[in-house]
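Scope of the values below: all heavy atoms of this structure, side chains included, with no hydrogens, waters or symmetry mates. These numbers were taken from a predicted model, which means no experiment stands behind them.
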Amino acid sequence: AGKIKQYGFFSYAANEALHLSEQERTTMQSIFSIIRDELNSRIDDFSREVIIAQIELLLSYAKRFHKRQFLTRQVVNNDLLQQFEDLLNKYFEEKAVNNGMPTVQYLAETLNYTPNYLSDMLRSLTGLNAQQHIHQKLIEKSKDLLSTTSLTINEVAYQLGFDYPKSFSRLFKLKTKISPAQYRSTFS
């Protein structure tokens with residue numbers, strides 16, 4: 001039970017199911033058959049140990065096949081990456097001022113995925129999870145506003161959905177190693 005928490009794919013929705021090849025399906029079914037046979041045979045001192053070992057083997061294969069599907073379903077994943085980027089751009093253009101910062105939950109639900117699946121997919125394609133993508137887009141948008149408009153730093157923060165300008169300044173400095181004011185001064 002303790003080990004099962006390390007498998008993030010248990011929180012995925014049905015439409016994010018593991019996509020198996022025929023050979024992979026056969027492998028998984030054979031493990032299920034071994035578990036079923038063990039459960040239906042006479043229980044002895046080793047039954048529990050054998051069943052647990054088979055479940056661990058099943059989970060190891062699931063982890064392998066799960067990681068592989070992100071590589072073999074590249075076209076589908078690239079489409080999702082483009083949809084994610086488009087949604088993020090649209091959010092910052094239309095909703096951030098009134099609705100605040102976009103959340104991974106909101107973006108995932110809008111794209112009909114779970115937050116964990118979306119983050120795993122993005123990480124497999126770009127090395128960044130969904131939250132890191134949001135921050136990256138936020139910094140990109142803030143740099144654009146700081147360099148091309150006369151908005152104050154507070155106004156830039158509110159435009160991007162921050163409730164508190166200090167939070168914006170702190171995140172900007174964390175990600176860029178300079179403050180928003182220092183960044184703006186490089187364009188003066």
Side-chain angles (χ1 to χ4, degrees), residues 4-19 63 66-188:
I4 210 137
K5 292 177 186 155
Q6 70 182 326
Y7 300 98
F9 47 77
F10 281 112
S11 64
Y12 289 179
N15 65 322
E16 302 160 342
L18 186 61
H19 300 277
K63 192 173 175 181
H66 172 260
K67 186 156 181 90
R68 184 244 352 117
Q69 84 180 11
F70 285 121
L71 301 174
T72 59
R73 295 174 48 86
Q74 207 73 357
V75 173
V76 173
N77 294 341
N78 283 334
D79 288 347
L80 181 56
L81 177 60
Q82 187 59 53
Q83 290 172 351
F84 177 79
E85 287 293 326
D86 293 345
L87 179 61
L88 202 49
N89 282 328
K90 185 176 180 181
Y91 189 94
F92 277 114
E93 290 169 11
E94 300 174 5
K95 296 184 178 190
V97 173
N98 297 324
N99 298 345
M101 293 285 298
T103 63
V104 175
Q105 182 74 33
Y106 166 80
L107 295 167
E109 285 176 3
T110 304
L111 294 169
N112 295 315
Y113 290 99
T114 58
N116 284 350
Y117 183 86
L118 180 63
S119 281
D120 287 349
M121 186 279 304
L122 290 170
R123 190 178 298 111
S124 76
L125 290 172
T126 66
L128 302 174
N129 65 30
Q131 188 64 49
Q132 290 168 321
H133 274 274
I134 293 170
H135 286 170
Q136 189 176 48
K137 182 61 69 176
L138 176 103
I139 296 302
E140 176 186 312
K141 293 284 186 189
S142 63
K143 284 180 175 181
D144 184 47
L145 291 171
L146 289 167
S147 64
T148 62
T149 70
S150 60
L151 295 172
T152 67
I153 292 170
N154 287 356
E155 290 170 329
V156 169
Y158 294 129
Q159 180 90 23
L160 295 171
F162 281 90
D163 292 328
Y164 305 101
K166 285 188 180 208
S167 298
F168 163 67
S169 294
R170 196 172 19 253
L171 179 67
F172 189 92
K173 188 165 186 171
L174 177 72
K175 298 294 182 181
T176 65
K177 308 296 184 230
I178 60 173
S179 71
Q182 290 170 316
Y183 179 80
R184 176 169 267 167
S185 70
T186 63
F187 293 93
S188 301

Check your understanding: Should Gln83 and Leu107 be marked as a side-chain contact (heavy atoms from CB on, under 4.5 Å) after you check the CA-CA gap, both sets of side-chain angles, and the distance that decides it?
Key -> CA-CA 10 Å; Gln83 290 172 351; Leu107 295 167; over 6 Å; no
Study note, to complete from the structure: Residue pairs meeting salt bridge (Lys or Arg N to Asp or Glu O under 4.0 Å), one or both in residues 99-112, sequence neighbours left out, come to none
Review point. Taking only residues two or more places apart in sequence or in another chain, which ones pass ring pair (Phe, Tyr, Trp, His ring centres under 6.0 Å) with Tyr106?
Key: Tyr91
Output a table of donor-acceptor pairs, distance under 3.5 Å, between side-chain atoms of residues 138-146 and any protein atom two or more places apart or on a different chain; print 'none' if there are none.
unit_1, atom_1, unit_2, atom_2, d
Glu140, OE2, Lys137, NZ, 3.4
Ser142, OG, Leu138, O, 3.1
Ser142, OG, Ile139, O, 2.8

Pairs of donor and acceptor atoms involving the side chains of residues 159-175, under 3.5 Å and at least two apart or interchain, shall be tabulated with distances.
unit_1, atom_1, unit_2, atom_2, d
Ser169, OG, Pro165, O, 3.4

Point to revise | Residue pair Leu88, Ile134: steps toward the side-chain contact (heavy atoms from CB on, under 4.5 Å) verdict | key: CA-CA 7 Å; Leu88 202 49; Ile134 293 170; 4.1 Å; yes
Exercise for review: Go through the structure and list residues passing ring pair (Phe, Tyr, Trp, His ring centres under 6.0 Å) with His135, not counting sequence neighbours.
Suggested key: none
Review point. Do Val104 and Asn129 have side-chain heavy atoms sitting under 4.5 Å apart?
Key: no
**Study point:** Residues that Tyr158 engages under ring pair (Phe, Tyr, Trp, His ring centres under 6.0 Å), provided they are two or more places apart
**Key:** none
Point to revise | Main-chain N/O of Asn116 paired to Ser119 side chain as donor or acceptor, under 3.5 Å | key: no
Review point. Rounded to the nearest 0.5 Å, how far does NE2 of His133 lie from CG of Leu125?
Key: 8.0 Å
Point to revise | Residue pair Leu80 / Met121: nearest heavy atoms and the distance that separates them | key: CD2-CE, 3.2 Å
Check your understanding: Side chains of Glu85 and Asn89: do they bring a donor and an acceptor to under 3.5 Å?
Key -> no
Practice item. Would you name the heavy atoms of Tyr117 and Tyr113 that are closest together and state the gap between them? Key: CD2-CD2, 3.3 Å
Review point. For Leu118 and Phe84, what are the C-alpha separation, side-chain angles and deciding distance, and is it a side-chain contact (heavy atoms from CB on, under 4.5 Å)?
Key: CA-CA 9 Å; Leu118 180 63; Phe84 177 79; 3.9 Å; yes
